[in-house]
Amino acid sequence: SQFNFQLYKDDVVIISKTPVRRKLRKNLPIIYEDDEIIVINKPSGLLSIASDKEKGSTAYRILTDYVQQKDRHNRIFVVHRLDEDTSGVLMVAKNAKLRDALQENWNNLVEKRGYIAVVEGCVKKDSDTIKSYLMKNSQDLMYSSKNKKDGQLAITHYKVIKRSDDYTMLDVNIDTGRKNQIRVHLGEMGHHVIGD
């Protein structure tokens, strides 16, 4: 219905056989909003952006519909992403220039990327650092290697918050933001994230 929608560098155009319906903003609490950015608390189970399987029910689509309720020409621009099963703070820009500036300086601006994870089993070490190189296999699943030629460096730090015989709650911080990094590293320790 919008044929005069301006495209920007890095935009992705999706052509779908079924219409992508407008969704009202619901269960998507806005933490902060001004003329430049929107910051939300993304719930677990919601994709940040469209995937091959899901086009409509994403934080991007819901926020786009939200800003276009004020003016149909309003846009949002993805600054970063969170995995579907991860809840947490997600920020989008309201213009491409700010998105580019934030992305170019992301590692300098974001000093700490922290997560709380509950994992299977009792983690014995109180804290540790895991380093490996992550890459995708032929089924598009992430795995790690110790050989730096095999993928991208991933560094994960954890500290035990609380443990029992069956589960451990961890404070996890990452130096790198690779796809499924925390899941892969903790799973390779033999302590998979609950529900993974």
Side-chain angles (χ1 to χ4, degrees), residues 27-32 37-54 57-60 62-63 78-92 102-196:
N27 300 324
L28 193 65
I30 293 176
I31 298 169
Y32 178 82
I37 64 170
I38 302 175
V39 180
I40 65 167
N41 183 12
K42 185 194 84 66
S44 173
L46 181 68
L47 284 168
S48 294
I49 60 170
S51 70
D52 292 339
K53 296 177 185 174
E54 179 59 59
S57 187
T58 66
Y60 176 83
I62 294 168
L63 283 170
V78 175
V79 174
H80 68 105
R81 300 173 191 150
L82 293 174
D83 286 347
E84 180 178 7
D85 294 329
T86 301
S87 63
V89 177
L90 181 71
M91 178 171 59
V92 297
L102 289 169
Q103 286 180 342
E104 287 171 18
N105 296 295
W106 193 250
N107 288 333
N108 297 327
L109 295 169
V110 180
E111 294 178 6
K112 180 179 177 183
R113 289 180 250 184
Y115 301 83
I116 302 296
V118 178
V119 298
E120 298 171 347
C122 181
V123 175
K124 300 298 182 203
K125 283 187 173 182
D126 288 337
S127 64
D128 201 1
T129 297
I130 306 160
K131 293 181 184 180
S132 69
Y133 297 88
L134 297 187
M135 57 187 302
K136 290 181 186 180
N137 66 15
S138 59
Q139 288 81 38
D140 210 30
L141 298 173
M142 300 302 290
Y143 71 97
S144 74
S145 168
K146 296 298 180 189
N147 186 347
K148 65 181 176 181
K149 293 179 182 176
D150 286 343
Q152 294 181 302
L153 178 63
I155 303 171
T156 304
H157 311 279
Y158 74 82
K159 290 181 183 174
V160 172
I161 297 172
K162 191 173 184 178
R163 61 168 64 96
S164 71
D165 291 340
D166 298 320
Y167 305 103
T168 305
M169 181 182 287
L170 301 173
D171 178 1
V172 180
N173 290 280
I174 57 176
D175 291 351
T176 53
R178 308 298 180 215
K179 181 180 178 183
N180 300 134
Q181 173 178 331
I182 295 170
R183 291 178 184 176
V184 171
H185 278 167
L186 297 178
E188 287 180 349
M189 286 175 40
H191 299 284
H192 294 275
V193 174
I194 296 297
D196 189 20

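Predicted model, so just to flag it, every value in this text is computed and none were measured. All values below come from the heavy atoms of this structure, side chains included, with hydrogens, waters and symmetry mates left out.
- Between S132 and S145, the shortest heavy-atom distance links the atoms CB-O, 3.5 Å.
- Side chains of S57 and L46 form a contact here, defined as non-hydrogen atoms less than 4.5 Å apart.
- Between V119 and M189 the shortest side-chain heavy-atom distance does not fall below 4.5 Å.
- Applying the side chain to side chain donor-acceptor pair (under 3.5 Å) test to S127 and every residue at least two apart in sequence or in another chain returns nothing.
- Shortest non-hydrogen contact noted between C122 and T168 is CA-OG1, 3.3 Å.
- In this structure, CG in L134 is found 13.0 Å from CZ in R183, a value given to the nearest 0.5 Å.
- Under the 3.5 Å distance criterion, with hydrogens and angles disregarded, a donor-acceptor pair is assigned to the side chains of T176 and Q181.
- We find the CD1-CD1 distance between I30 and I38 to be 5.5 Å, quoted to the nearest 0.5 Å.
- Here the shortest heavy-atom pairing between L90 and A59 reads CD2-CB, 3.9 Å.
- Within the 4.5 Å cutoff, side-chain heavy atoms of Y115 are placed close to those of L82.
- Here K146 contributes atom NZ and K131 contributes atom NZ; the two are 10.0 Å apart, rounded to the nearest 0.5 Å.
- Of the N and O atoms on the side chains of H185 and S144, not one donor lies less than 3.5 Å from an acceptor on the other residue.
- Not counting sequence neighbours, D175 has no partner by the salt bridge (Lys or Arg N to Asp or Glu O under 4.0 Å) test.
- With sequence neighbours left out, the salt bridge (Lys or Arg N to Asp or Glu O under 4.0 Å) criterion links R178 to no other residue.
- Nearest heavy atoms, Q103 versus V78: NE2-O, 3.0 Å.
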Given the rule in the side chain to side chain contact (heavy atoms under 4.5 Å, CB included) test, do D85 and V193 qualify, once you have shown the distances and angles that lead to the verdict? CA-CA 11 Å; D85 294 329; V193 174; over 6 Å; no
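- When every heavy atom of M91 is checked against every heavy atom of H80, the shortest pair comes out as N-NE2, 3.0 Å.
- Within a 6.0 Å sphere centred on CZ of R113, other residues, nucleotides and ligands contribute more than 12 heavy atoms.
- Atoms CG and NZ, from L47 and K42 in turn, are 7.5 Å apart once rounded to the nearest 0.5 Å.
- Evaluated for a salt bridge (Lys or Arg N to Asp or Glu O under 4.0 Å) with D126, the options K162, R163, K159 yield exactly one hit, R163.
- Annotation for D166: atom CG counts as buried by contact number, over 12 foreign heavy atoms lying within 6.0 Å.
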